[in-house]
Amino acid sequence: MSDPTDPTDRPAPVTVIGLGPMGRAMASVLVEAQVPVTVWNRTPGRADELVARGATLAPTPADAIAAGGLTILSLTDYQAMYDILDGSTDALAGRTIVNLSSDTPEVTREAAAWAERHGARFLAGGVMVPAPMVGTPAAYVYYSGPGDVFGAHEAVLRLLGAPRYVGDDPGLAQLWYQAQLAVFLTALSGLLQATAMVGAAGVAVGAFVPDALDTLTGIPVMLGRGEDMVGQLESGVHPGDLSTVLMMGATADHIVRTSEASRVDAVLPRAIKSHYDRAIEAGHGTDNWTALHEVIRPQPRPPQGDDS
Ligand SMILES: NC(=O)c1ccc[n+]([C@@H]2O[C@H](COP(=O)([O-])OP(=O)(O)OC[C@H]3O[C@@H](n4cnc5c(N)ncnc54)[C@H](OP(=O)(O)O)[C@@H]3O)[C@@H](O)[C@H]2O)c1
């Protein structure tokens, strides 16, 4: 345990740039843990509460970076990082940047190279919980980039949530994050599809939602906690002895038609139905639903010169 009254025992200072809901939550957790925190935000007023609790508001991004050995960025995307730091690149030499903003893996790799050109060490990450859950036992954060940089800062990063280091390629944390968000965002849209369908028929949404949440939380059990699914994806063998693409594809069609009949948006059900239709066309009708993987995964490129 650190003793904040002993100057030799104080945690190293950390800078947080970007004070949206996520950046404020992270800075707040660090302040609470007695870490000396410097903040900077394009809209300075968003720092008021943190400053009242002991954080320091830096006048410029360069001053903010100079104040902390470690600078955490929490911005809408990576372009915001360039917008903020392009005029302050001299301040980057010898510093460590941990960018916890969302973007694509490719953009993240380019940013890591950009930071390195300016003499900074760079980690990328993705926070896997909403802002109010930062710093709680349920929080976890993906990181990727140089292992030694992650190791050097792991202890302070742990305050935000359990760190999950996924490799030295800086784009990997974003890939894990985006893939997780693909699960999350699709589930949220699926929930709203369902509530729109029952709502259109006059069913009280409040009566329906608990059952929908039971379906969501029941999925891990239905999937054998993922083991059955992983085995089928890895082997490419999708035994349809308990349910088939044909059976589930018929249901996908019923969801499209039910939505259309009540003038509920049917874009999402049609996209799902298209997975089943194409899997059936490819000969997977009597396989398990995991055979949809065969039409979703990257497809072989057509031979060169074949424009069809
Ligand atoms: N919120 C969550 O629950 C949550 C959960 C998981 C992950 N995340 C990720 O965490 C990151 C931050 O989330 P958030 O909810 O705090 O985002 P946000 O509300 O979009 O806030 C983003 C921050 O970026 C700044 N910003 C945006 N564009 C800028 C620009 N061009 N120049 C300078 N500053 C700019 C904003 O400054 P101003 O204050 O001046 O507008 C603000 O400080 C995002 O990448 C998000 O995907 C968020």
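Numbers here simply count residues along the sequence, with the first being 1. Just the heavy atoms: all of them, side chains too, but no hydrogens, waters or symmetry mates, feed the values below. Both ligands and their constituent atoms are indexed starting at 1 by order of listing. Computed from a predicted structure; not experimentally measured.
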message: Starting from atom 21 (O) of ligand 1, what is the nearest protein heavy atom, named by residue and atom, and what distance separates them?
response: Gly20 CA, 3.5 Å
message: Give the atom numbers and elements of ligand 1 that come within less than 4.0 Å of a heavy atom of Ser102.
response: 45 (O), 47 (O)
task: Among all protein heavy atoms, pick out the one at the shortest distance from atom 38 (P) of ligand 1; state its residue, atom name and that distance to 0.1 Å.
output: Thr43 OG1, 3.5 Å
query: Are side-chain N/O atoms of Gln79 and Asp83 paired as donor and acceptor at under 3.5 Å?
result: yes
- prompt: Does the side chain of Arg278 pick up a donor-acceptor pair with the side chain of Ser274 at under 3.5 Å?
  reply: yes
field: Pairing of Glu32 and Arg53 as salt bridge, 4.0 angstrom limit
entry: yes
For atom 23 (C) of ligand 1, the option (of Gly23, Ser74, Gly125) bearing the nearest heavy atom: Ser74
message: Pro21 versus ligand 1: do any nitrogen or oxygen atoms come within less than 3.5 Å of each other?
response: yes
field: For atom 48 (C) of ligand 1, the option (of Met22, Met133, Met128) bearing the nearest heavy atom
entry: Met22
query: Arg109 pairs by salt bridge (Lys or Arg N to Asp or Glu O under 4.0 Å) with which of Asp103, Asp168, Asp169?
result: Asp169
message: Do Tyr177 and Leu123 sit in one hydrophobic cluster, given that two such residues count as connected whenever their side-chain heavy atoms are within less than 4.5 Å of each other, even indirectly?
response: no
Heteroatom distance test (Ser101, ligand 1): nitrogen or oxygen, under 3.5 angstrom: no
message: Starting from atom 3 (O) of ligand 1, what is the nearest protein heavy atom, named by residue and atom, and what distance separates them?
response: Ala131 N, 3.0 Å
- line: Per-atom filter on ligand 1: closer than 4.0 angstrom to a heavy atom of Gly18 are 43 (O)
For Asn41, the ligand 1 atoms whose distance to one of its heavy atoms is below 4.0 Å: 37 (O), 38 (P), 39 (O), 40 (O), 42 (C), 43 (O)
- prompt: Which of the listed options, Tyr82, Tyr78, Tyr177, holds the heavy atom that is closest to atom 47 (O) of ligand 1?
  reply: Tyr177
- prompt: Considering only protein heavy atoms, which is closest to atom 44 (C) of ligand 1, and at what distance to one decimal place?
  reply: Leu75 O, 3.3 Å
task: Verify the distance criterion only: is there a donor paired with an acceptor across the side chains of Tyr78 and Glu110 at less than 3.5 Å?
output: no
message: For ligand 1 and Ile84, I'd like to know whether there is a polar contact (N/O to N/O, distance under 3.5 Å).
response: no
- prompt: Is Ile255 close to Ile272 at the side-chain level, that is, under 4.5 Å between some pair of heavy atoms?
  reply: no
Transitive ILVMFWY side-chain link Met128 to Val141, under 4.5 Å: no
query: How close does the nearest protein non-hydrogen atom get to atom 28 (N) of ligand 1, and which residue and atom is it?
result: Ala80 CB, 3.6 Å
field: Distance from atom 22 (C) of ligand 1 to nearest protein heavy atom, with residue and atom
entry: Thr76 OG1, 3.3 Å
query: What is the closest protein heavy atom to atom 6 (C) of ligand 1, and at what distance does it sit?
result: Val127 O, 3.3 Å
- prompt: Roughly how far, to the nearest 0.5 Å, is CD of Gln178 from CG of Leu185?
  reply: 9.0 Å
Leu213 reachable from Met133 in the ILVMFWY side-chain graph, under 4.5 Å edges: no
Side chain, backbone, both or neither: the part of Asp83 lying under 4.0 Å from ligand 1 by heavy atom: side chain
Counting only pairs under 3.5 Å, give me each side-chain donor-acceptor contact of residues 151-160, with atom names and distances, residues two or more places apart or in other chains.
residue, atom, partner, partner atom, Å
Glu154, OE2, Arg158, NH2, 2.8

message: Is there a polar contact, in the sense of an N or O pair closer than 3.5 Å, between Leu19 and ligand 1?
response: yes
Nitrogen or oxygen of Arg46 less than 3.5 angstrom from that of ligand 1: yes
Validation: residues 197-207 side-chain donor-acceptor distances under 3.5 Å, sequence neighbours left out:
none

- prompt: Is any NZ, NE, NH1 or NH2 atom of the basic residue among Glu260 and Arg263 found under 4.0 Å from an Asp or Glu carboxylate oxygen of the other?
  reply: no
field: Check: Val129 N/O within less than 3.5 Å of ligand 1 N/O
entry: no
field: Protein residue, atom and distance nearest to atom 41 (O) of ligand 1, heavy-atom basis
entry: Arg42 NH2, 3.0 Å
